[in-house]
Colleague: 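My questions will all concern the structure given below.
Every chain is numbered from 1, with letters handed out A, B, ... down the list of sequences. Quantities reported herein were computed from a predicted structural model and do not represent experimental measurements.
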Amino acid sequence: MPQITLPDGSVKSFDAPVTAHAVAASIGTGLAKAAIGAKIDLNDGQGPQLRDLSTLIDRDASIAIITAPRANQAATPDALFLIRHSAAHVMAEAIQDVLGANEKGERVLLAYGPPTETGFFYDMYIPEGMKLSSDHFDAINARIAEIIKEDRPFTRYEQPASDALPRLKSEGNKYKVDNAERALGLPSSVYKGAKAAPPDATRAPGSPVLSFYATGQPGKNWEDLCRGPHVPSTSRIGAARVMSLASAYWHGDENSDRLIRVYGTAFPTQEQLDAYLVQLEEAKKRDHRTIGKALRLFHIDEDVGQGLILWTPKGSIIRKELQTFIAAELKKQGYTEVFTPHIGSLELYKTSGHFPYYKDSQFAPIVERNALDELCASGCSCAEMLNRVEGVSERLARGLNERARKQIIAKDRILPDDQLIEGFMLKPMNCPHHAKIFGSAPHSYRDMPVRLAEFGTVYRWEQSGELNGMTRVRGFTQDDAHLFCTEDQIPAEIQGCLSLVKTIFNVLGMKDYRVRVGLRDPDSNKYTGSAESWDKAEKSCIDAAASLGVSFSKEPGEAAFYGPKIDFVVKDVIGREWQLGTVQVDYQMGFRFDLSYIGPDNRPHRPVVIHRAPFGSMERFCGVLIEHFAGAFPTWLSPEQCRVLPISDKSNDYGHKVLAALTAAGVRASIDDANERVQAKIKVAADEKIPYLLIVGPRDAENNAVSVRARGVEKDLGAMPLDTFVSRIKAEIESKGIELGVRP
RNA sequence: GCCGCUGUAGCUCAGUGGUAGAGCGCACCCUUGGUAAGGGUGAGGUCGUGGGUUCAAAUCCCACUAGCGGCUCCA
């Protein structure tokens with residue numbers, strides 16, 4: 001006799017087990033019609049679970065009916081989950097239909113197809129001799145539309161594992177066998193990867209039965225091993241389409257099979273799908289690569305190299321303004337500025353540990369030509385050469401091992417001095433240089449903390465497929481600083497760093513970011529520093545993050561090996577996340593570089609180092625900023641703050657007078673004295689997103705005035721005295737206002 | 001690095017084997033105008049690079065290179 005509790009708290013009693021659909025019908029026929037699934041809490045300790053509408057409820061439960069939204073309603077995440085999970089099946093069926101079989105009779109094998117934030121994907125294995133390309137998209141979309149129109153029911157059936165597993169094995173799809181075994185809590189008989197990230201695609205682990213979903217009738221129509229849940233029938237998907245192709249590894253393991261990942265998306269209605277596609281187009285227009293090219297903010301040149309940003313004059317203004325802004329904030333916080341070169345000796349990075357342990361993400365070492373010539377002449381092999389470049393001298397190894405109190409330099413890395421090849425490296429981080437500056441003078445606890453800041457340019461070898469405009473590059477400038485402090489000073493220094501980040505984000509009006517606190521993985525021993533130190537530092541990070549007043553996530557295992565960290569993550573226009581600012585506590589650098597300060601006890605102590613970069617990198621930050629403002633920067637950041645537009649060349653002389661007044665006041669301004677109508681000049685300036693346009697004609701000249709037009713306002717604002725405009729725009733620039741506030 | 005797509009004028013793009021195109025931009029001329037493109041003329045291209053097929057290649061094939069979307073990685 002199930003008692004069903006509804007979301008409003010009311011309770012309905014039933015004489016016999018009921019389906020979720022029947023519960024919906026008992027509330028109202030409209031609801032039953034709109035229902036596509038249910039969130040059911042069977043009071044079994046699992047909490048509310050999203051389930052099929054056909055689920056039979058045989059005991060007391062709480063239930064919420066999930067409905068497909070109407071045309072102009074936003075779909076709930078649960079509704080989208082059901083729709084997209086179901087659409088993944090339909091797309092997979094459509095792809096199998098469209099591609100058919102190869103000469104050997106093999107068909108596309110399905111692996112794993114979950115919903116995602118913006119749609120869904122299905123990983124599949126395409127047999128030899130078959131090819132899936134975007135040329136098939138029209139056919140696939142047409143087939144998807146047909147299947148949706150056919151309105152076939154999603155039919156769930158279960159089979160005991162003892163029947164289902166042999167059946168799956170006989171079907172020859174090892175990916176599904178693997179999924180099934182994982183669902184049953186069995187070790188995989190087919191996947192031999194080192195990494196295990198089980199896609200829980202079927203059922204809760206340990207379940208003795210496997211569930212299948214047929215799109216229609218079992219045995220007659222297409223079906224798939226699947227945990228569910230799904231919408232009742234294909235028409236309830238509304239609208240779905242295939243979006244793009246990518247490659248993905250089975251279980252994300254690059255040593256494993258390479259699969260084709262087909263992305264698609266689905267919405268309750270065609271209108272919402274169309275709106276989403278329009279939104280994607282709009283987002284593309286905000287893309288910093290598009291805007292950066294159109295507004296000439298930066299340039300990437302094939303002849304210079306991948307992932308290397310050339311800052312054009314306009315982009316350089318934005319960067320310089322940001323740097324000036326942050327430098328002033330640093331001064332307030334007691335930082336001192338330093339400059340260091342772009343390269344350092346290999347030995348320096350062997351000391352810091354950057355080389356060779358991170359050599360895959362660094363540019364190759366720079367070795368003296370003479371040394372190379374000699375080695376080549378002596379017939380030295382490449383492998384041997386590499387070995388000698390990466391080797392560590394006995395002296396260095398001894399020092400590091402002693403200070404670390406363990407063997408951190410492996411014995412086979414240690415080479416006699418006459419075998420080592422010396423060289424230099426493009427710096428992958430600024431900290432070794434800064435550590436050397438700290439170490440170059442004695443320090444008392446009274447001087448601590450020592451805060452060394454530098455806009456330091458670093459170079460990293462990023463994989464070519466990962467490069468992206470300004471957001472992922474191979475050479476970038478960090479607004480870097482290293483705070484050498486005592487352990488007691490850590491909390492206050494972290495607070496200081498975060499307040500800096502907050503100041504920056506506030507001034508720029510950036511509210512859409514998340515904060516990630518990276519903590520150590522309790523099960524790993526890869527970390528340096530004592531457990532107590534870690535506990536304290538992690539607490540400092542968590543406390544500081546909490547004091548920010550924004551939500552943050554604690555992420556165990558995300559700490560660096562040398563200490564916990566706080567990262568600021570923002571999304572770009574197409575939803576990809578990028579890490580910007582970071583604050584990291586480091587227990588490693590002190591002993592690696594044998595740094596010390598003299599404490600009140602007149603004995604040397606190791607400083608703790610805090611790495612911090614509130615912007616992260618100037619390149620990435622500016623890229624994100626371009627998208628944030630869609631190229632329409634606040635006046636203080638705009639490369640061109642104001643443009644004078646004379647009505648005709650009869651007013652050019654007065655226009656130049658106005659320009660001179662603006663320039664003298666330090667406003668970045670220009671004049672468009674081209675032989676054009678003012679309408680055309682406005683159009684051009686509007687496209688360039690210039691904050692203020694000053695239209696000047698005979699009327700204005702007579703009154704020593706300017707007619708003002710502000711960006712984003714569809715009409716002129718009227719005339720005002722030139723002097724007044726100059727003083728107001730100056731005030732706006734100095735206040736770093738986000739809005740364009742100068743009005744007559 | 002891997003999978004798919006793309007590379008034609010400064011920019012955005014059309015061009016499916018037979019004499020390289022458009023719009024914008026640029027230069028010059030006309031126009032002298034009051035708030036999102038006035039009109040005309042002209043310059044500008046080894047069709048990403050290298051090979052191949054063909055009487056003939058921007059177009060078909062192969063390799064490379066760069067960009068885009070993902071995957072993997074990210075001190």
Colleague: How close or far is atom C1' of B:rC74 from atom CZ of A:Arg516, stated in whole angstroms?
Modeller: 10 Å
Colleague: Can you tell me the pairing partner of B:rC24 across any strand shown, Watson-Crick or G-U wobble, with both distances under 3.5 angstrom?
Modeller: B:rG10
Colleague: Can you pull every protein N or O that's under 3.5 Å from an N or O on nucleotides 68-71 of chain B?
Modeller:
residue, atom, partner, partner atom, Å
B:rC68, OP1, A:Arg289, NH1, 3.2
B:rC68, O3', A:Arg289, NH1, 3.3
B:rG69, OP1, A:Arg289, NH1, 3.1
B:rG69, OP1, A:Arg289, NH2, 2.4
B:rG69, OP1, A:Arg576, NH1, 3.4
B:rG69, OP1, A:Arg576, NH2, 3.2
B:rG69, OP2, A:Arg289, NH1, 3.0
B:rG69, OP2, A:Asn468, ND2, 3.0
B:rG69, N2, A:Leu245, O, 2.7
B:rG70, OP2, A:Arg576, NH1, 2.8
B:rG70, O3', A:Tyr263, OH, 3.1
B:rG70, O2', A:Tyr263, OH, 3.0
B:rG70, N2, A:Ser247, N, 3.4
B:rG70, N2, A:Ser247, O, 3.4
B:rG70, N2, A:Ser247, OG, 2.8
B:rC71, O4', A:Ser247, O, 3.0
B:rC71, N4, A:Glu466, OE1, 3.4

Colleague: Can a donor-acceptor pair under 3.5 Å be found between the side-chain atoms of A:Arg460 and the base atoms of B:rC74?
Modeller: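 No such pair is found, so the answer is no.
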Colleague: Among residues at least two apart in sequence or on other chains, which ones pass side chain to side chain contact (heavy atoms under 4.5 Å, CB included) with A:Leu595?
Modeller: A:Ala435, A:Phe438, A:Phe484, A:Phe593, A:Pro607
Colleague: Any ion pair linking A:Asp178 and A:Lys174 (charged N to carboxylate O, less than 4.0 Å)?
Modeller: no
Colleague: Give one of base, sugar-phosphate or nothing for A:Phe121, where a contact means two heavy atoms less than 4.0 Å apart.
Modeller: nothing
Colleague: Just how far, in rounded Å, is P of B:rC74 from CZ of A:Arg474?
Modeller: 16 Å
Colleague: Just list the side-chain donor-acceptor pairs under 3.5 Å for residues 290-297 of chain A, sequence neighbours left out, or say none.
Modeller:
residue, atom, partner, partner atom, Å
A:Thr290, OG1, A:Lys284, O, 3.4

Colleague: Salt bridge check: are A:Arg514 and A:Glu555 linked by an N-O gap of less than 4.0 Å?
Modeller: yes
Colleague: Under 4.0 Å between a side-chain N/O of A:Gln306 and OP1 or OP2 of B:rA66, yes or no?
Modeller: yes
Colleague: For A:Tyr459, which residues count as a ring-ring contact (aromatic ring centres under 6.0 Å, His included) partner, sequence neighbours excluded?
Modeller: A:His342
Colleague: Could you tell me which residues satisfy side chain to side chain contact (heavy atoms under 4.5 Å, CB included) with A:Pro698, sequence neighbours excluded, listed by chain and number?
Modeller: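 Listed in chain order: A:Ser651.
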Colleague: For nucleotides 25-38 of chain B, just jot down a letter per nucleotide in 5' to 3' order: B, S or -, based on protein non-hydrogen atoms under 4.0 Å.
Modeller: -----BBBBBBBBB
Colleague: Under 3.5 Å, is there a donor-acceptor pair between the side chain of A:Arg261 and the main chain of A:Asp123?
Modeller: no
Colleague: Could you tell me how the ring of A:Phe725 sits relative to the ring of A:Tyr692: parallel (under 30°), tilted (30 to 60°) or perpendicular (over 60°)?
Modeller: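 The arrangement is perpendicular - the two ring planes meet at more than 60°.
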